[in-house]
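Because the structure is predicted, anything quoted here is derived from the model rather than measured.
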Protein chains: 2
Amino acid sequence: MGRHREFDPDEALHIALHVFRRRGYEGTSISDLTEAMGITRPSLYAAFGNKEDLFRRTLDLYERQHLCFAHAALQAPTVREAVERLLRGYIDVLTDPTSPPGCLGVNGAVACSEASEPIREELIARRMVNENNLRDRLETARAGGDFPSDEDPADWARYVVSIGLGMAVRAASGASREELQRVVDVALRGWPTLPR
Amino acid sequence: MGRHREFDPDEALHIALHVFRRRGYEGTSISDLTEAMGITRPSLYAAFGNKEDLFRRTLDLYERQHLCFAHAALQAPTVREAVERLLRGYIDVLTDPTSPPGCLGVNGAVACSEASEPIREELIARRMVNENNLRDRLETARAGGDFPSDEDPADWARYVVSIGLGMAVRAASGASREELQRVVDVALRGWPTLPR
DNA sequence: AGTATATCATACTGATCGGTATGCTAAACG
DNA sequence: CGTTTAGCATACCGATCAGTATGATATACT
């Protein structure tokens with residue numbers, strides 16, 4: 001019973017994602033959001049809780065909609081190919097012409113005040129999940145002979161994620177897709193070869 | 001003629017650097033600064049202009065005091081050693097125990113609102129200067145036979161800077177010195193070998 | 001129809017933002 | 001000494017921040 005909601009929460013969340021990607025977490029004001037969504041402040045708070053809650057739900061949508069390629073990438077036949085798909089797929093996300101450049105996760109986690117410390121930690125934790133997934137993939141590859149036994153999966157996972165972070169910063173600064181492709185080209189030059 | 005200033009502007013600038021490194025450009029309020037410096041708002045504005053002016057002067061101090069190692073690093077006998085000194089020296093800056101972790105330049109350039117767009121562009125420009133210096137060093141190395149002639153100096157400079165950016169993000173997230181050293185270890189694995 | 005309830009629009013809260021006007025105080029000049 | 005001038009302290013400016021109280025409106029149930 002009661003009045004019907006006059007907006008689509010899912011559509012509104014997509015708009016929030018767009019705004020947050022453009023302006024970052026702290027750089028986005030509630031007014032920015034309500035204006036873009038076409039709803040009022042009380043409607044936003046009723047539907048999504050406070051700003052932090054909304055950002056977390058936006059993060060979920062971002063991972064579900066834009067970072068979902070990672071799961072498939074990790075299942076490539078070889079780790080080397082998995083890593084390459086990971087990085088190339090990430091470039092697609094970072095330079096998607098229909099979205100503001102850069103990564104929602106990286107842009108939010110780096111700077112700004114300590115009022116949003118919980119958000120910073122959340123983003124660091126989510127990033128760590130991805131790094132651990134990659135490390136696990138490298139470990140199974142090593143066990144299966146697809147990765148040298150004298151190499152440390154954690155070291156390589158950390159390295160690959162660092163490359164991703166660097167590209168995310170560059171993308172936020174306006175780097176082109178081609179530029180980033182060249183970073184990946186060079187980054188994969190050192191991929192360890194199997195002893196034979 | 002006139003009253004004497006009761007604080008040391010240079011010391012105040014050092015404090016500003018510390019605060020900006022901890023909280024970022026937008027995350028730092030004027031009140032944060034005056035409180036840490038122990039001076040009043042009018043004194044700050046009289047001595048340093050507005051927030052943007054102060055941040056630029058802080059950037060100058062940061063480069064002069066913490067990024068000065070780069071110039072010496074580039075003069076190492078081999079490019080490969082120059083790059084290694086660049087990255088290891090950067091780790092020292094990122095994890096200096098007497099300063100907040102991370103890089104003033106990177107933390108400021110990534111996120112936050114568009115009110116500080118001029119600062120973002122300034123930081124991107126300063127970063128580009130460093131990348132160009134490295135590219136030039138790679139070019140002279142190539143001309144001198146210290147770097148393969150079929151490799152692109154711009155590609156490698158971009159790659160090295162990207163590694164640096166990735167490490168800066170990690171450092172801001174609390175990465176240890178050892179972790180970052182391992183990133184550099186792996187990153188340099190792919191350094192091109194000279195034909196012989 | 002009548003009532004309960006959820007959503008709407010408007011306007012507001014106290015806090016904080018970057019930046020400044022005003023008047024006081026201390027030092028350098030005559 | 002007295003005037004000038006620069007730095008200090010206080011208190012303020014309008015704007016904006018995240019979040020909310022209030023009352024009108026529209027739907028669903030009885």
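In this structure, the CG atom of Leu33(B) is 11 Å from the C1' atom of dG18(C), given to the nearest Å. In this structure, Lys51(A) atom NZ and dC17(D) atom C1' are separated by 8 Å, rounded to whole Å. Going from atom CG of Asn50(B) over to atom C1' of dT20(C) covers 13 Å, rounded to whole Å. Summarising the geometry, the separation between CZ on Arg23(A) and C1' on dA18(D) is reported as 16 Å, rounded to the nearest angstrom. Rounded to an integer number of Å, the gap from Glu52(B) CD to dG19(C) C1' is 14 Å. Taking atom CD1 on Ile39(A) and atom P on dA9(C), their separation rounds to 9 Å, with Å as the unit. Remark: C1' of dG18(C) and CD1 of Ile119(B) are 14 Å apart, rounded to the nearest angstrom. The distance between atom CG of Asp32(A) and atom C1' of dG19(D), rounded to the nearest whole Å, is 16 Å.
Thr28(A) and Arg23(A) share no side-chain donor-acceptor pair at under 3.5 Å.
No salt bridge links Arg88(B) with Glu81(B); every basic N to acidic carboxylate O contact stays at or beyond 4.0 Å. The pair Glu117(A)-Arg120(A) meets the salt-bridge criterion, since a charged nitrogen lies less than 4.0 angstrom from a carboxylate oxygen.
Residue Thr40(A) places its side chain closer to dA9(C) than to any other of dT7(C), dG18(C), dA9(C). For Pro42(A), the listed nucleotide lying nearest its side chain is dT10(C); candidates were dT10(C), dC17(C), dG19(D). For Arg5(A), whose side chain is taken as the heavy atoms from C-beta onward, the closest listed nucleotide among dC8(C), dC8(D), dG19(C) is dC8(C).
Between His4(B) and Arg41(B), the one whose closest nucleotide on DNA chain D sits nearer the 5' end is His4(B). Between Glu6(A) and Ser29(B), it is Glu6(A) whose nearest contact on DNA chain C lies nearer the 5' terminus. Both Gly49(A) and Gly38(B) sit near DNA chain D, but only Gly38(B) has its closest nucleotide nearer the 5' end.
Cation-pi geometry between Arg57(B) and Phe55(B) is not met at under 6.0 angstrom from the ring centre and within 45 degrees of the axis.
Between Phe147(A) and Trp191(A), a ring centre-to-centre spacing shorter than 6.0 Å is recorded.
At the heavy-atom level, Thr28(A) lies under 4.0 Å from the strands shown only through sugar-phosphate atoms.
Using a 4.0 Å cut-off, no side-chain N or O of Ser43(B) falls inside it from OP1 or OP2 of dG7(D).
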